[in-house]
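Take a look at the structure below.
All values below were derived from every heavy atom in this structure, side-chain atoms included, with hydrogens, water molecules and symmetry-related copies excluded.
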Amino acid sequence: LPPVMSILGVVLFGKSWGIISALYGGLLGSAMNFGILYFLCHRLKIISGPGPAMPLAKIDVDYSQFMMLNFAFILPSLLGVIDQQMAISLGEGKLAALTYGLRLPDGIAEIFCGGLSVAIFSYFSEWHARDQHQKLVEATQKVIIFSTLLIIPISLFILLYAKPIVSLLFERGAFTPEATTLVSQNLQFYCFAIYFIVVATVGAKVISAIRENRFFLGLAIKLFIIKIAFNIVLIRTLGINGIALASVITHFSSCALVF
């Protein structure tokens with residue numbers, strides 16, 4: 001919800017509030033997320049009033065799995081910082097172009113991943129616990145097929161109409177037509193990342209469901225090396241668009257390594 005509300009805030013109030021409209025939209029989306037989560041937890045009797053209804057001592061936690069996930073998420077966080085520094089080195093306005101170009105696909109991917117990952121993870125875990133591995137495989141295949149049929153057309157639409165989309169969402173105030181051209185090109189290079197992010201997330205949920213989270217540490221190291229290498233190579237020929245394309249290649253590599 002935060003990315004959606006940020007975009008909606010810019011569309012509705014961007015002319016009068018400027019970039020602050022995106023901030024207020026994100027805050028409203030976060031508050032809505034909290035409200036929905038609290039309502040669902042209360043309805044499922046996970047919480048009751050100020051404290052948890054479920055005794056925490058009964059929750060079985062494998063802390064080694066938890067720590068592996070924590071370490072695995074450090075490197076992707078560093079990649080964001082590295083991308084920003086590389087964009088800054090390309091000159092004025094390039095960091096903003098990269099940020100705006102990645103915002104829409106990442107927001108769409110987050111919408112799909114958020115609902116989908118919550119919906120499928122409990123089923124995947126249950127099927128693994130009951131040794132119904134064939135059912136887990138078939139469900140994973142169906143989710144990927146559904147994602148393909150739904151997301152690929154969205155990505156193609158963004159590819160074909162990137163410039164009008166960027167103009168509608170952002171072109172106002174200091175955001176000039178020249179900035180629209182730069183951001184739309186970046187968006188075209190990055191739009192197919194939506195599909196790879198969603199598919200990789202599905203695979204990640206399967207791996208977590210079968211309690212093999214140690215895999216993610218090795219995956220994060222490999223993806224870190226791939227991203228840095230392609231950043232260095234592609235930025236020389238494509239400039240700021242090279243960073244976006246390197247991100248798509250990294251997300252594709254994530255799918256290939258997960259499956």
Side-chain angles (χ1 to χ4, degrees), residues 2-3 33 37 56 59-86 102-103 105-148 151 190 192-232 234 243-259:
N33 270 352
L37 183 61
L56 296 180
I59 301 178
D60 182 22
V61 179
D62 186 343
Y63 290 102
S64 64
Q65 298 274 328
F66 175 72
M67 292 303 296
M68 285 294 175
L69 281 176
N70 275 344
F71 283 122
F73 282 121
I74 291 175
L75 291 180
S77 300
L78 289 177
L79 282 177
V81 177
I82 293 172
D83 281 351
Q84 291 176 2
Q85 293 303 314
M86 286 188 169
L102 271 57
R103 181 175 297 175
D106 282 344
I108 295 173
E110 185 175 336
I111 293 170
F112 279 102
C113 292
L116 189 62
S117 60
V118 172
I120 65 178
F121 181 70
S122 59
Y123 290 103
F124 286 0
S125 299
E126 181 181 351
W127 291 332
H128 173 67
R130 295 181 178 181
D131 290 328
Q132 296 176 329
H133 297 131
Q134 185 59 34
K135 197 170 184 178
L136 193 156
V137 171
E138 291 174 357
T140 303
Q141 292 172 341
K142 289 179 181 179
V143 171
I144 292 175
I145 292 173
F146 171 78
S147 300
T148 302
I151 297 173
Y190 190 66
F192 284 100
I194 303 170
Y195 176 72
F196 297 127
I197 292 172
V198 173
V199 173
T201 299
V202 173
K205 293 303 175 182
V206 174
I207 293 171
S208 289
I210 63 176
R211 301 173 70 85
E212 289 295 337
N213 290 321
R214 293 175 179 82
F215 168 82
F216 291 117
L217 183 57
L219 176 66
I221 294 172
K222 293 173 185 176
L223 294 179
F224 185 85
I225 295 172
I226 291 171
K227 182 65 164 71
I228 295 300
F230 276 99
N231 266 6
I232 294 172
L234 295 176
I243 298 178
L245 183 56
S247 297
V248 175
I249 294 171
T250 303
H251 291 308
F252 169 78
S253 301
S254 177
C255 290
L257 292 170
V258 166
F259 289 99

- request: Work out which heavy atom in Trp127 is nearest to a heavy atom in Leu136; give both atom names and the distance.
  value: CE3-CA, 3.8 Å
- prompt: For the atom pair CD1 (Ile108) and CD1 (Ile194), what is the distance rounded to the nearest 0.5 Å?
  reply: 4.0 Å
- prompt: What closest approach, in Å, do Cys113 and Thr201 show between heavy atoms, and which atom pair accounts for it?
  reply: SG-OG1, 3.3 Å
Least distance between heavy atoms, Phe216 atom then Ser208 atom: CE1-OG, 3.6 Å
- prompt: If you measure from CG on Leu219 to CD1 on Ile226, what distance do you get to the nearest 0.5 Å?
  reply: 8.5 Å
field: Any side-chain heavy-atom pair of Phe146 and Val143 under 4.5 Å
entry: no
message: Taking OH in Tyr123 as the centre, count heavy atoms belonging to other residues, nucleotides or ligands within less than 6.0 Å. Is the count above 12?
response: no
Results of side-chain hydrogen bond (donor to acceptor under 3.5 Å, both in side chains) for Gln134 - residues two or more places apart only: Glu138
- request: Might you work through the side-chain hydrogen bond (donor to acceptor under 3.5 Å, both in side chains) test for Tyr195 and Thr148, ending with a clear yes or no?
  value: CA-CA 7 Å; Tyr195 176 72; Thr148 302; 2.8 Å; yes
task: With sequence neighbours excluded, tell me which residues meet side-chain contact (heavy atoms from CB on, under 4.5 Å) with Asp83.
output: Leu98, Lys227, Asn231, Ile243, Ser247
Exercise answer: donor-acceptor pairs, residues 248-259 side-chain atoms, under 3.5 Å, sequence neighbours excluded:
from, atom 1, to, atom 2, distance (Å)
Thr250, OG1, Ala246, O, 2.7
Ser253, OG, Ile249, O, 2.8

- prompt: Can you find a heavy atom in the side chain of Phe124 that is under 4.5 Å from one in the side chain of Thr140?
  reply: yes
field: Phe192 atom CZ: more than 12 heavy-atom contacts under 6.0 Å
entry: yes
query: Step by step, would you call Val206 with His128 a side-chain contact (heavy atoms from CB on, under 4.5 Å)?
result: CA-CA 9 Å; Val206 174; His128 173 67; over 6 Å; no
- request: Nearest 0.5 Å please: distance from the CZ atom of Phe112 over to the CD1 atom of Ile151.
  value: 5.0 Å
query: Would you call Asp106 and Ile197 a side-chain contact if the rule is heavy atoms closer than 4.5 Å?
result: yes
